[in-house]
Amino acid sequence: MASFDITIAESNRSSAYQLDARSKLFITLIYSVCLFFDDSWISIGISALFFLISALYCRVSILSVLKLSAVVYLLAIITLACNSFAFIDGSMRFVFDGMLNGIIFALRILLLVWMSLVVCLSTSTEQMCDAISSLIRPLSKLGVPVDDIAMTFAIAIRFIPQTVLEFMAIKEAQWSRGASFDDGNLFFRLKAHVVILLPILINLFRRSDLLARSMDCRCYGLSDKPRGHLYVRTFTFFDVIVCLLCAIVLISNAVLFH
């Protein structure tokens, strides 16, 4: 587990950490929408370059992001396989054009996950929760529990890297005991991973119970008054400039090379 160097930008106080979390969510939303209009190698390459620049700017380890996305690689492989083969004249055949489309689809999925991880690793839980709560605040007039929804999203986002790390730790522990996860066909490999999934599910329930008791001890949700904030973040001129520049680059990429 020493190879995982997950460093949140809060520790080094980079300029990306000072950027408002609403700006990061806005940029991620624009990136996600524009990404699915990228159907050429040039546009995909520009989107990948945007991800690399964002990771370097946020001082997030690209190697850590790639390792944390290990589970998504299976989805990318399935997407590639489904597009590479097609039934033609009653038989399944390999389609080269379908493989190229499958690679683009798989890269879209991977870039979307990678960019989301960069945002998660460069934003604290409090910032993420406050940003989501601020963006959906108008729904509170309709009786929607805005703070509870924001807290749920923030907890879910922050637990994803921890779950992946726990998955890798349990897998290495089972591997050191002689368990094999790479032998046999796909069915036997999936069956071998059951010894990993069961402890993860048990630990997830334990962690959620502990978190629920901790929030209950702190009287979370007891008062109907809006939650207070120790540090009130404002949407600065720097945030506006960054959002506009990123939106122009991403939209231009999606339109010009579509």
Side-chain angles (χ1 to χ4, degrees), residues 1-12 28 35 44 48 51-52 54-56 58-85 92 94 99 102-125 128 152-214:
M1 298 306 296
S3 59
F4 282 89
D5 183 19
I6 301 177
T7 304
I8 300 178
E10 181 179 2
S11 59
N12 51 34
T28 305
L35 189 62
I44 289 292
F51 153 72
L52 292 175
S54 301
L56 294 176
C58 296
R59 299 183 186 178
V60 174
S61 173
I62 298 178
L63 183 60
S64 297
V65 173
L66 297 179
K67 289 182 178 180
L68 287 172
S69 309
V71 181
V72 187
Y73 297 149
L74 178 60
L75 178 61
I77 294 174
I78 294 175
T79 302
L80 177 60
C82 292
N83 286 273
S84 301
F85 297 92
M92 180 174 292
F94 174 77
M99 182 193 69
I103 294 176
I104 292 179
F105 293 153
L107 288 176
R108 286 176 179 176
I109 297 174
L110 292 175
L111 287 174
L112 178 59
V113 174
W114 291 341
M115 191 65 184
S116 301
L117 285 175
V118 169
V119 174
C120 292
L121 296 177
S122 61
T123 310
S124 65
T125 307
M128 188 71 69
T152 302
F153 272 106
I155 292 174
I157 291 173
R158 297 305 298 175
F159 267 94
I160 292 175
Q162 295 183 10
T163 304
V164 175
L165 288 175
E166 190 172 358
F167 173 84
M168 298 300 296
I170 296 176
K171 184 175 182 179
E172 290 180 0
Q174 294 294 335
W175 179 79
S176 64
R177 293 182 176 91
S180 178
F181 301 100
D182 300 326
D183 297 335
N185 54 28
L186 180 60
F187 174 77
F188 285 104
R189 293 183 183 183
L190 293 176
K191 186 177 179 180
H193 281 76
V194 174
V195 298
I196 302 177
L197 296 178
L198 288 180
I200 288 180
L201 289 176
I202 294 175
N203 289 334
L204 284 176
F205 281 112
R206 289 178 178 175
R207 190 180 295 116
S208 61
D209 181 67
L210 178 61
L211 180 61
R213 284 185 290 167
S214 300

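Because the structure is a prediction, the values reported are computed rather than measured.
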*Rounded to the nearest 0.5 Å, how far does OG of Ser69 lie from CG of Leu75?*
11.5 Å
*Of all the heavy-atom pairs spanning Ala48 and Leu111, show the shortest one and how long it is.*
CA-CD2, 3.8 Å
*Might you point out which heavy atoms bring Leu35 and Arg108 nearest each other, and give the distance in Å?*
CD2-O, 3.1 Å
*Measuring from Ile196:CD1 to Glu166:CD, what's the distance to the nearest 0.5 Å?*
11.5 Å
_Any Leu66 side-chain heavy atom under 4.5 Å of Tyr73 side chain_ = yes
*Kindly give the heavy-atom pair with the smallest separation between Ala106 and Thr79, and that separation in Å.*
N-CG2, 4.3 Å
*Close side-chain approach of Asn203 and Ile170, heavy atoms under 4.5 Å*: yes
*Nearest-0.5 Å distance, CG of residue Leu110 to CG of residue Leu107*: 6.5 Å
*Tell me, do Leu210 and Arg206 make a side-chain contact under 4.5 Å, heavy atoms counted?*
no
*Over all heavy atoms of both residues, which pair between Cys58 and Val118 is shortest? Give the atoms and the distance, please.*
SG-CG1, 4.0 Å
*Would you give the length of the straight line joining atom CZ of Arg59 to atom CG of Leu121, rounded to the nearest 0.5 angstrom?*
15.0 Å
*Which atoms form the tightest heavy-atom contact between Ile62 and Ala55, and what is the distance?*
CG1-CB, 3.9 Å
_Pairwise distance CD1(Ile200) to CG(Leu204) - rounded to 0.5 angstrom_ = 7.0 Å
_Check: Trp114 and Leu68 side chains under 4.5 Å, non-hydrogen atoms_ = no
*Which atom of Phe94 lies closest to which atom of Met99, heavy atoms considered*: CZ-SD, 3.6 Å
*Phe205 CZ: over 12 foreign heavy atoms closer than 6.0 Å*: no
*Distance (rounded to the nearest 0.5 Å) between Leu117 CG and Ser61 OG*: 11.5 Å
_Validation row: Leu211, Arg207 side chains within 4.5 angstrom (heavy atoms)_ = no
